[in-house]
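Down below is the structure, laid out as structure tokens.
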Amino acid sequence: MSELSMAEKNVQRHIARADLEQFYAEHFALLDEGNAGSWVTTFTEDGIFVPPDGRPEVKGRAILKAGTEKTSARLSDAGTVRRHVLANLNLLALADGKAETRAYVLVVDSVAGETRITTSTVMHDELTSDGTRWYVAHRVVRRDDLPNP
């Protein structure tokens, strides 16, 4: 089998990036809608999430779901609508059904007629694909306003 040309590699990379942009749009919509059950299915079964505030990493869909449900309930009780806005998606690596991305994620909260950016973060993901869809295998989120642990 012959090696892909630079143009063919670029086409594959652009297609993968478009797929990842769609993945993230759906992923964050599920989170913002409070649909923890569906959101956690966008992670691998043993997916890892490293929170931005220095807390220990969370591993596995069940624990991710419990934490997400707790946060969704807290926000709902406070009358807060939260949106995650992804920007500057950078596809760092792509090979054999795996991808590595880095992006900025702004957390925007709306409550009582006021909307503000509450957190500015950098998200670093390692993803895997089953050929049909992408899954987060490992996510590290760092807040811009806190020192890295």
Side-chain angles (χ1 to χ4, degrees), residues 10-149:
N10 283 338
V11 167
Q12 284 184 343
R13 187 174 179 81
H14 288 295
I15 291 170
R17 190 175 187 289
D19 285 344
L20 287 163
E21 285 179 352
Q22 184 63 34
F23 165 80
Y24 282 121
E26 294 169 1
H27 172 82
F28 283 121
L30 291 169
L31 181 60
D32 293 343
E33 292 164 1
N35 191 341
S38 294
W39 181 74
V40 297
T41 67
T42 65
F43 284 80
T44 59
E45 285 287 343
D46 60 349
I48 295 171
F49 178 85
V50 180
D53 55 9
R55 286 179 291 154
E57 71 180 31
V58 177
K59 184 175 182 180
R61 287 179 177 169
I63 297 171
L64 278 167
K65 183 179 179 197
T68 302
E69 288 174 336
K70 185 177 177 181
T71 298
S72 292
R74 179 179 52 79
L75 292 169
S76 179
D77 290 348
T80 301
V81 175
R82 175 164 286 174
R83 301 285 182 240
H84 291 78
V85 181
L86 183 108
N88 296 1
L89 177 62
N90 187 0
L91 177 54
L92 301 171
L94 179 67
D96 301 324
K98 298 194 181 302
E100 183 180 352
T101 64
R102 184 173 21 236
Y104 300 153
V105 179
L106 300 176
V107 179
V108 180
D109 286 346
S110 297
V111 62
E114 182 180 322
T115 299
R116 62 189 179 96
I117 296 171
T118 57
T119 314
S120 175
T121 69
V122 177
M123 177 184 74
H124 184 218
D125 278 355
E126 295 172 13
L127 302 108
T128 187
S129 174
D130 62 6
T132 309
R133 62 184 281 203
W134 289 100
Y135 300 90
V136 177
H138 191 266
R139 171 171 291 165
V140 176
V141 180
R142 298 285 182 241
R143 286 177 49 162
D144 293 338
D145 62 335
L146 296 177
N148 288 332

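In this chain, residues are counted from 1 in sequence order.
Ring geometry, Trp39 versus His27: the interplanar angle falls from 30° to 60°, so the pair is classed tilted.
The closest side-chain heavy-atom distance from Val140 to Glu57 is not below 4.5 Å. Under the 4.5 Å side-chain criterion, counting only non-hydrogen atoms from C-beta, Val107 is in contact with His84. Side-chain contact between Ile48 and Glu126: absent, with no pair of heavy atoms (C-beta onward) separated by less than 4.5 Å. Considering only heavy atoms from C-beta on, Glu100 comes within 4.5 Å of His124 through its side chain. Using a 4.5 Å heavy-atom cutoff, the side chains of Phe49 and Val141 are in contact. A heavy-atom distance below 4.5 Å is not found between the side chains of Arg82 and Thr119. The shortest distance between side-chain heavy atoms of Val136 and Phe23 falls below 4.5 Å. Side-chain contact between Thr121 and Tyr104 is absent, with no heavy-atom pair separated by less than 4.5 Å.
Salt bridge present: Asp125 and Arg139 bring a charged side-chain N and a carboxylate O closer than 4.0 Å.
Applying the salt bridge (charged side-chain N to carboxylate O under 4.0 Å, His left out) criterion to Glu21, with sequence neighbours excluded, gives Arg17.
Applying the salt bridge (charged side-chain N to carboxylate O under 4.0 Å, His left out) definition to pairs two or more places apart or across chains, those involving residues 42-56 are Glu45-Arg61, Asp53-Arg55.
Between the side chain of Thr71 and the backbone N or O of Thr68, no donor-acceptor pair lies under 3.5 Å.
Of all heavy-atom pairs between Val111 and Ala78, the closest is CG2-O, 3.5 Å.
Residue Arg13 places its CZ atom among more than 12 non-hydrogen atoms of other residues, nucleotides or ligands, all under 6.0 Å distant.
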